[in-house]
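Read through the structure below, which is laid out as structure tokens, and then see the notes.
One is the number of the first residue; the rest follow in order along the sequence. Counting convention: from 1, in listed order, for ligands and their atoms alike. Keep in mind the model is a prediction, meaning the values are calculated, not measured.
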Amino acid sequence: MPNATPTRKLEGRVALVTGAARGIGRAVAAKLAAEGARIVINDRDEGPVEDAARALRGSGATVVTCPGSVTDDGFAHGFVNTAISKFGALDIVVNNAGYTWDSVIQKMTDEQFQAILDVHLIAPFRILRAASEPIRTFAKQEAAEGREVFRKVVNISSVVGLGGNPGQANYASAKAGIIGLTKTLAKEWGRYKVNVNCVAFGFIKTAMTQPIAAEGERRVGVQPELLEKLEREMIPLGRLGTPEEAADGVYLFCTPESNYITGQVVIVGGGIAF
Ligand SMILES: NC(=O)c1ccc[n+]([C@@H]2O[C@H](COP(=O)([O-])OP(=O)(O)OC[C@H]3O[C@@H](n4cnc5c(N)ncnc54)[C@H](O)[C@@H]3O)[C@@H](O)[C@H]2O)c1
């Protein structure tokens with residue numbers, strides 16, 4: 001008799017996802033929760049993060065929230081402590097939060113360059129540094145018991161971090177930097193059985209890739225002509241990805257099937273070359 005109840009791959013695990021109120025982060029939280037993980041979600045503002053949590057709970061997920069900017073002093077410890085105090089565990093970290101603030105280099109201010117490094121590179125570094133203490137404690141305990149328990153870090157990069165992009169010196173530098181952080185931690189944390197990998201997205205249909213628009217003082221989005229050209233000529237699969245397809249790429253690195261894969265970068269981009 002085939003088993004009627006499919007096994008959920010992340011049953012009992014605890015996952016932390018930053019920037020999960022919308023877009024890819026929200027889809028990642030939904031996917032991990034659908035596979036049985038309990039989730040700590042973050043986003044900058046309380047309202048959107050609580051709305052996302054309500055929607056996830058409506059689908060049966062166990063969710064707690066940790067609102068606030070990932071760049072705030074003390075955020076990293078608060079985020080990690082939320083997982084430990086609410087669930088007593090920490091198994092998966094997805095560093096997803098971020099935004100773009102584009103200019104050509106001659107117009108890019110120090111503030112603009114630093115802000116983008118802060119959110120895409122420094123904040124993940126701080127979160128992982130804060131997570132290192134509980135991870136090492138759990139891993140030592142498990143090793144003493146003769147158990148091998150794999151934990152997962154998925155850092156989010158971009159094809160822009162691999163290939164560069166005019167107008168995005170700040171973003172490309174940060175997204176290249178997160179690859180170096182990923183590869184280094186894969187080497188430092190192998191002994192603790194942590195798989196540290198990176199997903200570099202191509203073009204995924206979210207607010208970040210909407211046709212260009214103003215968001216406060218920043219212009220966000222992509223030129224409509226480029227979007228057309230991407231779909232017509234540059235993306236072999238012929239269209240932008242959905243947030244759910246992007247989340248599936250992240251999920252692959254959270255499954256037990258990726259236990260012997262670490263320090264890698266996978267492009268989830270419909271075949272786009274860079
Ligand atoms: N959409 C794409 O095509 C694409 C391509 C490559 C990489 N990415 C990366 O994927 C990730 C998700 O992007 P998205 O497309 O879902 O964008 P999005 O704008 O839809 O979502 C990003 C989320 O991050 C949150 N956020 C931004 N700054 C934050 C901060 N300081 N603290 C906490 N939360 C913050 C936003 O509020 C938002 O909810 C980002 O790291 C982005 O750089 C996206």
Side-chain angles (χ1 to χ4, degrees), residues 16-31 40-53 55 65-76 78-79 93-102 114-124 126-127 154-165 168 170-179 181-182 198-213 215-216 218 220-222 226-227 230-231 234-235 239-247 249-250 265-270 272 274:
L16 292 82
V17 186
T18 63
R22 71 179 191 194
I24 295 167
R26 181 158 173 167
V28 168
K31 177 71 184 177
V40 182
I41 59 168
N42 150 268
D43 212 284
R44 208 169 13 204
D45 299 319
E46 194 166 350
V49 85
E50 291 302 337
D51 288 348
T65 58
C66 185
S69 174
V70 293
T71 61
D72 285 349
D73 285 346
F75 172 81
F79 193 38
V93 179
V94 182
N95 277 309
N96 167 82
Y99 64 97
T100 52
W101 189 4
D102 299 350
Q114 188 64 53
I116 295 300
L117 282 191
D118 284 347
V119 71
H120 289 281
L121 180 58
I122 311 291
R126 288 181 175 159
I127 289 167
V154 187
N155 291 322
I156 302 303
S157 185
S158 162
V159 289
V160 162
L162 294 163
N165 196 29
Q168 293 195 313
N170 51 1
Y171 183 69
S173 300
K175 290 303 199 188
I178 193 83
I179 294 173
L181 180 64
T182 301
C198 200
V199 174
F201 294 124
F203 289 82
I204 308 297
K205 212 168 183 151
T206 67
M208 202 172 271
T209 52
Q210 71 194 345
I212 212 149
E215 197 167 281
R218 294 180 296 120
V220 295
V222 178
L226 175 61
L227 285 174
L230 279 165
E231 299 202 317
M234 294 165 74
I235 301 174
R239 59 169 175 78
L240 270 62
T242 65
E244 290 71 27
E245 288 167 329
V250 173
V265 183
V266 160
I267 298 174
V268 174
I272 195 166
F274 55 88

Quick one: does any side-chain atom of Asn96 pair with a main-chain N or O of Gly19 as donor and acceptor, under 3.5 Å? yes
So do Ile204 and Glu245 actually touch side chain to side chain, heavy atoms under 4.5 Å? no
Residues in the immediate environment of ligand 1 (any heavy atom closer than 4.0 angstrom): Gly19, Arg22, Gly23, Ile24, Asn42, Asp43, Arg44, Gly68, Ser69, Val70, Asn96, Ala97, Gly98, Tyr99, Val119, His120, Ile156, Ser157, Ser158, Tyr171, Lys175, Phe201, Gly202, Phe203, Ile204, Thr206, Ala207, Met208, Thr209
Side-chain contact, heavy-atom cut-off 4.5 Å: Arg44 with Tyr99? yes
From CG (Leu121) to CD1 (Ile116), nearest 0.5 Å: 11.5 Å
Residues that Phe79 engages under ring-ring contact (aromatic ring centres under 6.0 Å, His included), provided they are two or more places apart: Phe75
Leu227 CG to Met234 CE distance, which is reported to the nearest 0.5 Å: 11.0 Å
